[in-house]
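Each remark here refers to the structure printed beneath this line.
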Amino acid sequence: MTVRVRFAPSPTGPLHIGGARTALFNYLFARREGGTFILRLEDTDVARSTIEYEHDVLENLHWLGIDWDEGPGLAGQPGRGSFGPYRQMERLDRYNAAIERLMSEDKAYPCYCTPDELSADREVQQAANQPVRYVGRCASLSADDRRAHESAGRRPAVRFRIGQETIVIDDLVRGRVEIDTSALGGDLVIARSDGSPLYHFSVVVDDIDMRISHVIRGEEHLSNTPKHVLLFGALGADVPAFAHLPLILNPDRTKMSKRKSQTAVTDYRAQGFVHEALVNYFALLGWSSGTEEEIFSLDELAERFDLSRVQSAGAVFDRERLEWLNGQWIRRLPEEELVDRALPFLQAEIESARAAGVHARIPTADDLRPLIPMVRERIPTLDAVGSMLDYLFLDDVRPDLQLLTPKRWDEATTCQALSEAREVIAQVGEVSFEADELEGPLRLLAERHGWKAGDLFMAIRVAATGRTATPPLFDTLVALGYQRTLDRLGRAAARLTG
RNA sequence: GCCCCCAUCGUCUAGAGGCCUAGGACGCCACCCUUUCAAGGUGGAGAUCAGGGGUUCGAAUCCCCUUGGGGGCACCA
């Protein structure tokens with residue numbers, strides 16, 4: 001059997017975590033089965049769909065490494081695949097043809113009910129604690145009735161007749177699910193009065209046209225699946241296999257929403273999460289390998305992925321675990337790769353300091369490359385390089401005096417220590433200004449005065465960087481440079497006396 | 001309200017009737033390493049497997065009920 005799966009987002013918002021996870025599982029399943037992964041844009045909600053969101057969805061999927069075999073092109077590029085077009089607004093003729101067909105077979109009919117009438121019906125039903133369903137006012141209109149509505153200027157929606165039966169779904173993750181069609185809300189609107197198709201209808205027409213073999217999507221669609229099954233049948237098509245994935249949840253265990261969680265992939269990206277970590281984490285939300293390994297690349301996931309190992313209970317999104325994975329992946333990145341990825345974050349940090357009026361030099365890849373070994377194990381996210389290294393590129397730092405003075409010391413001691421440290425470093429000299437050459441003499445200095453080396457080092461650290469947490473001190477000073485180290489120690493000491 | 005789904009440490013999960021005195025990971029705590037911050041290492045706390053009934057020689061695993069949680073019920077997707 002030819003496996004063909006699709007991810008069908010609607011461009012009414014940026015790519016979100018749930019969508020990305022659904023896309024990933026479809027992608028992994030296709031790769032594992034040697035099938036085809038299709039991307040289709042469900043843009044029939046014209047009022048809410050935008051081209052910006054479409055770009056966001058496409059671009060971020062691509063960034064994650066989830067590339068599609070068939071679908072629209074990226075950034076104005078032509079699309080791929082022979083089952084297109086892959087945007088629903090370009091497929092309206094197909095929906096119209098399918099509607100004509102259902103109408104001609106009396107499986108669907110025009111409905112002239114107004115929104116006001118429908119919501120009035122609903123209110124009555126709710127007040128009586130009855131299930132909400134279409135009352136069927138237009139289900140058996142005569143030709144005369146229809147003409148009367150038409151001449152009154154009413155444009156009809158189209159409703160699909162839903163009979164009385166039990167639909168059985170053999171879900172690949174949930175097993176057998178039975179739903180009685182009487183619970184579906186009555187005859188289903190498949191086209192608006194302006195003729196445009198509704199989701200439950202277009203999705204089925206497209207899945208038929210695109211020969212979709214497996215529908216892998218979020219659990220929120222499970223209850224609506226019988227509608228699709230009925231529509232597949234009415235259109236004379238085989239029903240694909242279904243797999244409903246567990247929902248991704250807010251910490252309060254409700255469906256993940258942007259109100260309660262950060263949901264846009266692009267936001268995680270902007271904060272310095274790497275795509276390897278995001279993909280790895282998404283895979284672990286609802287799927288497990290069955291082994292104790294948990295660090296997996298996209299390729300490794302594609303080798304191991306199996307729908308039968310997908311969990312059926314919802315999974316709370318845990319940012320801490322994502323951050324841990326991000327650190328794991330940052331540590332695994334090749335040096336040059338890390339330079340490329342971290343540089344924009346460092347530059348942005350310096351740019352914003354400049355915007356605030358601080359004199360600074362914008363770092364280059366050559367500046368950052370030698371610093372990578374000292375930051376790689378310290379940054380949970382790429383944006384952390386900013387606070388880790390910014391002081392190297394700022395013309396000056398002015399730590400406040402309280403920060404400058406170690407807890408056990410007073411200002412006079414600190415002033416003396418910084419001056420003497422400056423002398424010691426000056427004696428080491430520019431030629432020998434290396435991490436290995438600095439530690440010994442400075443420890444000796446501390447020993448001579450009975451100072452704890454840690455206190456001395458902290459005073460130097462703050463004077464040179466303005467920060468209490470930095471990469472190892474002597475590497476940091478060397479990165480700062482001989483003259484700037486002397487300058488900053490001197491200035492800090494001067495401020496303590498003055 | 002009606003329909004559907006779900007239920008193992010705080011979180012993600014392993015567990016397909018005996019291997020479970022329930023394993024791993026994140027987070028948390030302690031110690032080691034250590035000039036700070038991390039990373040790393042070692043150890044620890046943390047789940048009477050939601051509760052109750054069955055089935056079975058034996059149940060976290062199978063069945064039923066209860067409870068709890070979630071999702072769906074639009075001329076949104």
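A note on names: the letters A, B, ... follow the listed sequences, proteins ahead of strands, and every chain is numbered from 1. Only a predicted model underlies this, so the values are computations on that prediction, with no experimental measurement involved.
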Item checked: Qualifying residues under ring pair (Phe, Tyr, Trp, His ring centres under 6.0 Å), relative to A:Tyr134, sequence neighbours excluded -> none
Check: Atom CZ of A:Arg176 to atom P of B:C4: distance rounded to whole Å?
Finding: 13 Å
Checklist line | Interatomic distance where CG belongs to A:Asp306 and C1' belongs to B:A14 [whole Å] | finding: 15 Å
Notebook entry, point to check: Taking any strand in view, what nucleotide pairs with B:G1 in a Watson-Crick or G-U wobble way, both distances under 3.5 Å?
Noted result: B:C73
Notebook entry, point to check: In the strands shown, is B:A30 matched to any nucleotide by a Watson-Crick or G-U wobble pair with both distances under 3.5 Å, and which?
Noted result: B:U42
Checklist line | Rounded P spacing from B:A30 to B:A38 in Å | finding: 13 Å
Notebook entry, point to check: Are A:His214 and A:Phe25 near enough that their ring centres are under 6.0 Å apart?
Noted result: no
Notebook entry, point to check: Mind checking the P distance from B:G53 to B:U42? Whole angstroms is fine.
Noted result: 43 Å
Checklist line | Parallel, tilted or perpendicular: rings of A:Phe457 and A:Phe474 (30°, 60°) | finding: perpendicular
Notebook entry, point to check: B:A25 and B:G69: how far apart are their C1' atoms, nearest whole angstrom?
Noted result: 25 Å
Notebook entry, point to check: Mapping A:Ala315 and A:Phe457 to their closest nucleotides on RNA chain B, which lands nearer the 5' end?
Noted result: A:Ala315
Checklist line | Between P of B:U36 and CE of A:Met374, the distance in whole Å | finding: 16 Å
Margin query: Please report the distance, rounded to the nearest Å, between CD1 in A:Ile167 and C1' in B:C3.
Written below: 14 Å
Check: What nucleic acid atoms does A:Arg309 come within less than 4.0 Å of, heavy atoms only: base, sugar-phosphate, or nothing?
Finding: sugar-phosphate
Note to self: Suppose you measure atom P in B:U21 against the same atom in B:C26; what distance do you get, rounded to whole Å?
What the structure shows: 26 Å
Check: Once you round it to whole Å, what is the distance between P of B:U35 and CD of A:Glu439?
Finding: 7 Å
Checklist line | Nucleotide B:U13, atom C1' - distance to CD of A:Glu293 in whole Å | finding: 15 Å
Note to self: Students often get this wrong, so: under 4.0 angstrom with heavy atoms, is A:Phe317 touching a base, only sugar-phosphate, or nothing?
What the structure shows: nothing
Notebook entry, point to check: Which part of the nucleic acid, if any, lies within reach of A:Gln311 when heavy atoms closer than 4.0 Å are counted: base, sugar-phosphate only, or nothing?
Noted result: sugar-phosphate
Item checked: side-chain hydrogen bond (donor to acceptor under 3.5 Å, both in side chains) involving A:Glu90 - partner list, sequence neighbours excluded -> none
Note to self: Under 4.0 Å, counting only non-hydrogen atoms across every strand here, what does A:Pro251 touch: a base, just sugar-phosphate, or nothing?
What the structure shows: nothing
Check: For the rings on A:Phe282 and A:Tyr268, is their centre-to-centre separation under 6.0 Å?
Finding: no
Check: Once each nucleotide of nucleotides 61-77 of chain B is scored for protein heavy atoms under 4.0 Å, what B/S/- sequence comes out, 5' to 3'?
Finding: ---------BBSSSBBB
Next item on the list: Measure the distance from CG on A:Leu325 to C1' on B:A39 and round it to the nearest whole Å.
Entry: 16 Å
Notebook entry, point to check: Who are the side-chain hydrogen bond (donor to acceptor under 3.5 Å, both in side chains) partners of A:Gln88, not counting sequence neighbours?
Noted result: A:Glu42, A:Ser202, A:Asp206
Check: On a whole-Å scale, what distance lies between the P atoms belonging to B:C73 and B:A77?
Finding: 11 Å
Check: Quick one: the side chain of A:Arg443 and the base of B:U35, do they pair up donor-acceptor inside 3.5 Å?
Finding: no
Checklist line | Rounded distance in Å between the C1' positions of B:C63 and B:C9 | finding: 27 Å
Check: Should we say atom CZ of A:Arg331 is surrounded by more than 12 heavy atoms from elsewhere, each under 6.0 Å from it?
Finding: yes
Next item on the list: Give one of base, sugar-phosphate or nothing for A:Ser312, where a contact means two heavy atoms less than 4.0 Å apart.
Entry: sugar-phosphate
Checklist line | A:Arg461 side chain near B:C37 phosphate (N/O to OP1/OP2, under 4.0 Å) | finding: no
Check: With a 4.0 Å cut-off on heavy atoms, is A:Glu178 in touch with a base, just the backbone sugar-phosphate, or nothing at all?
Finding: sugar-phosphate
Item checked: Over 12 foreign heavy atoms within 6.0 Å of CD, A:Gln402 -> no
Next item on the list: Take atom P in B:C6 and the same atom in B:U61, then report the distance between them in whole Å.
Entry: 15 Å
Next item on the list: Using a 4.0 Å heavy-atom cut-off, write out nucleotides 19-30 of chain B from 5' to 3' as B (base contacted by protein), S (sugar-phosphate only) or - (no contact).
Entry: ----SSBS----
Item checked: N or O in side chain of A:Ser288 less than 4.0 angstrom from B:A14 OP1/OP2 -> yes
Next item on the list: Starting from the 5' end of RNA chain B, give me the residue, A:Arg378 or A:Ser308, whose nearest nucleotide shows up first.
Entry: A:Ser308
Check: How is A:Gly218 classified with respect to the nucleic acid when contacts are heavy atoms under 4.0 Å: base, sugar-phosphate, or nothing?
Finding: nothing
Checklist line | Whether A:Tyr199 and A:His221 hold their rings parallel, tilted or perpendicular, with breakpoints at 30° and 60° | finding: tilted
Note to self: Under a 4.0 Å threshold between the charged nitrogen and the carboxylate oxygen, would A:Asp145 count as salt-bridged to A:Arg137?
What the structure shows: no
Margin query: For A:Phe305 and A:Trp287, take the angle between the two ring planes, folded into 0 to 90°, and tell me which bin it lands in: parallel under 30, tilted 30 to 60, perpendicular over 60.
Written below: tilted
Checklist line | P atoms of B:A59 and B:G18, separation to the nearest Å | finding: 11 Å
Margin query: Quick test of your reading: applying salt bridge (charged side-chain N to carboxylate O under 4.0 Å, His left out), list the pairs with at least one residue in residues 43-53 of chain A, sequence neighbours left out, ordered by first then second residue.
Written below: A:Asp45-A:Arg48
Notebook entry, point to check: Whole Å only: how far is the CZ atom of A:Arg21 from the P atom of B:C12?
Noted result: 12 Å
